[in-house]
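A quick write-up on the structure given underneath.
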Amino acid sequence: MRAWVQERLREPLVLKELPDPTPGPGEVVLEVEAVGLNFADHLMRLGGYLTRIHPPFVPGMEAVGRVGGERFAALVGHGALAEQVAVPREALLPVPEGLSPEEAAAYPVSFLTTYLALRRAGARPGERVLVQAAGGALGTAAVQVARALGLRVLAAASRPENLPLAQTLGAEEVATYEALPEKAKALGGVDVVLEVRGKDLEGSLSLLRPGGRLVYIGAAEGEVTPLNPLRLMRRNLTVMGFWLAPLLREEALVQEALKFLLPRLGQELKPVVGAVFPFLEAEAAFQALLDRGHVGKIVVRL
Ligand code: NDP
């Protein structure tokens, strides 16, 4: 089979002919049709992800494909950017009706993360949530899931041209990062921040109402600033970390999320596919992921 291989960290991918995977106990082989790219795949290629994978490895953690003719989505640690990947049977997820393979490849990470992060924050209907990077894959999912949970969304992005989409998806209010402090103040603050930028944590905390919660999901801006806990005491604020990967082993939690998401996906929840790249252009797809002008999920199609 053909696969894109990260032979050395921080270097371009190399297209290689590898032996077809042999499934281990409890595993099946997925004939890959589409791969959803994640910011985490990029971090893994740099060696800067929460778990370090030693090269050579095949990137790609989210895919759609066929097992014995039936289509499934799948979440794997890595290895999806190939014609085939061996997947533990329990990592297979249903493909909701009404989703194309590209849309289906865009749902698992973004929609599970959003639902579970909002749950972790204890977000209640009527509360206001700030969604950063609102035009991105996670952001477009977050706006929709928050709405479906009865939350009011303030969507923010670096570029004004990424904001109308958030509005179409159900954000009540939108602002560029520049205009955000003023906008949030005018609204009386927010109850929950889904933090994916990571750099200006103090700035994000200042947008919270007393009792507000910040869920630390990502640090896309690459810098992590220290936090003075006194800032939390004064207004009874909470900062909590969130990482999807270990939560996937919590069967009851995943089932709860899927029970909420699956009937709605293809209906009121639609994964946004920003661009589809052919398999041979995987490196260009990664470039698009890093271009802050993209919207939705970048998908590689086999
Ligand atoms: P996106 O499609 O959202 O793309 C990344 C977005 O991040 C961009 O659109 C951009 O929006 C923003 N951004 C901020 N700084 C940068 C930068 N220096 N370079 C590129 N983009 C930047 O990607 P994902 O949906 O895959 O991920 C979004 C965030 O969520 C990431 O931080 C990721 O690590 C995190 N994440 C965490 C998970 C977890 O389990 N903890 C699971 C899934 C995602 P803008 O320009 O508007 O700021």
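One-based numbering, in listed order, for ligands and for the atoms of each. If you're wondering where the values come from, they're calculated on a predicted model, not measured in any experiment.
Residue contact annotation: Gln132 has no non-hydrogen atom under 4.0 Å from ligand 1. Proximity of Ala117 to ligand 1 is not established, as no heavy-atom distance is less than 4.0 Å. At least one heavy atom of Thr113 sits closer than 4.0 Å to an atom of ligand 1. Remark: distances from the non-hydrogen atoms of Arg197 to ligand 1 are all 4.0 Å or more.
In this structure, of Leu112, Val196, Leu138, the residue bringing a heavy atom nearest to atom 25 (O) of ligand 1 is Leu138. Looking at Ile217, Leu290, Val295, it is Leu290 that brings a heavy atom closest to atom 19 (N) of ligand 1. For atom 15 (N) of ligand 1, the choice among Glu223, Lys199, Glu62, Glu221 with the nearest heavy atom turns out to be Glu221. Among Ala137, Ser158, Gly139, the residue whose heavy atom lies nearest to atom 47 (O) of ligand 1 is Ser158.
Here the options are Arg152, Arg124, Arg209, the test is salt bridge (charged side-chain N to carboxylate O under 4.0 Å, His left out), and the partner is Asp191; only Arg209 passes. Checked against Lys183 for a salt bridge (charged side-chain N to carboxylate O under 4.0 Å, His left out), the options Glu178, Glu173, Glu172 give a single hit: Glu173.
Proximity of Leu244 to Ile217: side-chain heavy atoms (C-beta onward) are nowhere separated by under 4.5 Å.
Taking the ring centre of Tyr49 as origin, the terminal cationic atom of Arg52 falls outside the region bounded by 6.0 Å and 45° from the ring axis. Judged by a 6.0 Å distance limit and a 45° cone about the ring axis, Arg301 is not positioned over the six-membered ring of Phe279. With a 6.0 Å cutoff to the six-membered ring centre and a 45° limit on the axis angle, Arg45 counts as a cation-pi contact of Phe286.
Heavy atoms only, all atoms of each residue included: Ile53 and His78 are closest at CD1-CD2, 3.4 Å.
Residues Ser110 and Lys297 have side chains that bring a donor and an acceptor to within less than 3.5 angstrom of each other.
At least one N/O-N/O distance between Phe242 and ligand 1 falls below 3.5 Å.
Of all protein heavy atoms, the one closest to atom 14 (C) of ligand 1 is Arg292 NH2, 3.1 Å. When only non-hydrogen protein atoms are considered, atom 26 (O) of ligand 1 lies nearest to Phe39 N, 2.8 Å.
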